[in-house]
Amino acid sequence: MIQPILPIEAYTSQDWFDREQESIFSQTWQFAGFVEDLSESGDYLTVQAGVNNILVLLDDNKQMRAFHNICRHRGTQLLRTFGKRKKSIACPYHDWTYDLDGNLIAVPECKTQFPDLDFKILSLHKASVGTWRGMIFVHPDPDANSFVDWFNPLEPYLGHHQPEKLVEYVEGRTSHQINANWKIIVENYIDGYHLPHLHSQTLFMYDHRRQRSGFVGEHFHFYEPLAKDYLEGIENNSPLPLIDHVPKDKIGAYTPMLFPNLGLGETESSWSTFHIIPVAPDRSIVEIRSKVMPVSNWKYMQQEWKSWNYFGKRKLDKYGTGNEDDPLASGDFMAEDIYVCEQQQRSLKSPYFSIGAIAQDLEQSVYQYQINVLNYIEGGVGSRGK
Ligand SMILES: [Fe+2]
């Protein structure tokens with residue numbers, strides 16, 4: 001029998017949380033957004049990468065640059081959230097100002113207060129930035145140069161989707177506060193055992209028995225084909241227009257988890273990011289963004305009508321109670337997952353809590369993931385992500 005490898009404290013203690021922030025989230029590439037979030041010089045966004053807040057912007061030549069989002073004067077955060085077309089970056093505290101290359105260009109009362117100030121050594125600290133499959137990633141280390149090495153080994157296991165050719169479905173952008181440790185959410189995402197059980201009424205479109213999964217480095221990959229009856233009439237059954245550039249023999253659900261905390265959902269009709277953000281030992285935020293085919297609203301309505309034949313007759317309610325407020329009766333697989341993650345987190349407090357067994361094949365990923373996390377915490381493996 002395989003026993004889990006992380007102790008309960010890994011999911012409950014502030015000390016573990018802090019160590020993860022330093023040795024995992026400050027040492028790996030973090031998802032920051034979509035390439036199209038930034039289009040003009042001076043457009044910017046900010047993202048937390050472990051103990052670092054990073055700002056990403058387009059410079060005067062529309063080149064993407066990343067800096068640590070702290071003023072060189074007294075360390076105040078410079079920019080908040082995201083914004084458009086900034087000409088320069090001024091600190092709110094004392095108005096020290098930087099250009100879009102991170103150079104310090106203005107200091108109020110400089111002549112009288114800082115007669116010997118050397119502007120050159122007080123540029124913003126650089127960070128690393130890279131783009132892959134239409135996504136922006138940052139790394140706090142300016143010399144983190146193996147971005148390609150970090151993600152490319154995963155390519156053969158991903159869907160044939162070209163996210164750059166899809167458009168964001170803005171109403172589908174959601175943020176969920178979840179009362180669970182971030183690793184419980186990851187473990188739920190990569191657990192192939194629960195799919196036909198917890199999601200028996202919500203993910204019946206996929207053939208869970210034919211799932212294939214594994215690891216490439218620290219990254220998890222997962223694929224399962226569509227269920228036979230769904231695939232047979234897929235042009236009509238799909239609730240959204242099919243992604244037209246995915247060959248029919250490659251169609252299915254690809255749901256990798258990029259270490260440490262970014263899930264992708266690459267399906268027959270959409271492409272999504274599932275970003276798990278640790279907030280506290282027992283609290284996380286999941287931000288979901290989705291892309292779909294760039295076709296007219298009319299096409300979307302037509303497709304929805306057509307799919308009614310397949311979905312309309314189905315009961316999506318696991319227990320048939322009809323109570324929409326019950327996550328297990330909601331017909332929403334995300335609500336089902338959130339429910340079990342929060343329940344598991346609560347159970348960790350019970351003196352009777354233990355893991356009885358881990359399924360050798362279908363939960364193997366959970367076991368392997370815990371080893372990967374432990375390697376970072378104990379072994380300083382983080383340098384491999386550089
Ligand atoms: Fe699930």
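It should be emphasised that the depicted structure is a prediction, and the values quoted were computed from it without experimental measurement. Residues: numbered from 1 along the sequence shown. Each ligand, and each atom within it, is numbered from 1 in the order the structure gives.
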Could I get the full list of side chain to side chain donor-acceptor pair (under 3.5 Å) partners for E22, not counting sequence neighbours? none

Can you tell me which residue pairs pass the ring-ring contact (aromatic ring centres under 6.0 Å, His included) test with a partner in residues 272-295, sequence neighbours excluded? F31-H275, Y189-F274

Taking distance alone, no hydrogens or angles, what donor-acceptor pairs closer than 3.5 Å link side-chain atoms of residues 151-160 to residues at least two apart or in another chain?
from, atom 1, to, atom 2, distance (Å)
E155, OE2, W132, NE1, 2.8

How many angstroms lie between atom NE2 of H125 and atom CG of N52, to the nearest 0.5 angstrom?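 With rounding to 0.5 Å, NE2 (H125) is 10.5 Å from CG (N52).
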
Straight-line distance of T28 OG1 to N261 CG, nearest 0.5 Å: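 Separation between the atoms: 7.0 Å.
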
Just wondering, more than 12 heavy atoms not from F311 lying within 6.0 Å of its CZ?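 Correct, the count exceeds 12.
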
Listed protein N/O/S atoms, distance to the Fe ion (ligand 1) under 2.8 Å: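 Atoms qualifying: H194 NE2, H199 NE2, D337 OD1, D337 OD2.
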
